[in-house]
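This report refers to the structure that appears directly beneath it.
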Amino acid sequence: MKRPPNLTRKLVLEDPQRIPDGAGGYTETWVALGTLWAEVKSLTGRMAGDSVSLQKYRITLRASPDGFASRPRPDQRFRASNRLYRIDAVAESDPGASYLTCFAVEEVSG
């Protein structure tokens, strides 16, 4: 029997919002949708250019139904203090759809 995920990491789910800039364009800002508890496991990483490394993560959390604000989407991100995880894909992680797996990338400049 597979063990349930260890949901010990507190993450804030953020959604991009476009705000008019008054000159016919817009700026993008991130709005917090809520806090979720998750298990965060690192996968592979690689360098992307001279000073940016890309680290991939598998983030598991309790499932939310499609259409709910608490269900992550690929255009959103998670925030953990000063760390940002861009969500690339979301899928149910078990046959009963009790948990979701989010595949995310953290960009680290250095």
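Just so we're clear, the structure is a prediction, and the values are computed from it rather than from any experiment. All residue numbers in this chain count up from 1 along the given sequence. The figures here come from the full heavy-atom set of this structure, side chains too, leaving out hydrogens, waters and symmetry mates.
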Going by heavy atoms in the side chains, are I87 and I59 under 4.5 Å from each other?
-> no

Nearest non-hydrogen partners of L11 and A80, listed with the distance | CD2-CB, 3.6 Å

Would you confirm whether Q17, through its side chain, and E28, through its main-chain N or O, come within 3.5 Å as a donor-acceptor pair?
-> no

Cation-pi between R77 and W30: NZ/CZ under 6.0 Å from ring centre and within 45° of the ring axis?
-> yes

Is any side-chain heavy atom of E92 less than 4.5 Å from a side-chain heavy atom of L100?
-> yes

How about T101 and Y99: do any of their side-chain heavy atoms sit closer than 4.5 Å?
-> no

What's the spacing between Q55 CD and R83 CZ if we round to 0.5 Å?
-> 8.5 Å

Does CZ in R79 sit with more than 12 non-hydrogen atoms of other residues, nucleotides or ligands closer than 6.0 Å?
-> yes

Note: P5 and T60 closest approach over all heavy atoms is CG-CG2, 3.6 Å

Verify, without hydrogens or angle tests, whether R86 (side chain) and V105 (backbone) share a donor-acceptor contact under 3.5 angstrom.
-> no

Would you name the heavy atoms of P65 and R71 that are closest together and state the gap between them?
-> O-CD, 3.5 Å

Any side-chain heavy-atom pair of D15 and R73 under 4.5 Å = yes

Under a 4.0 Å N-O cut-off, is there an ion pair linking D88 with K56?
-> no

Side chains of F78 and C102: does their closest heavy-atom pair fall under 4.5 Å?
-> yes

Shared hydrophobic cluster for Y85 and L33 (ILVMFWY, side-chain gaps under 4.5 Å) = yes

Could you pull out the closest heavy-atom pair between A32 and E14, with the gap in Å?
-> CA-CG, 4.2 Å

Which atom of T35 lies closest to which atom of K10, heavy atoms considered = CG2-CG, 3.4 Å

Over all heavy atoms of both residues, which pair between W37 and L61 is shortest? Give the atoms and the distance, please.
-> O-CB, 3.6 Å

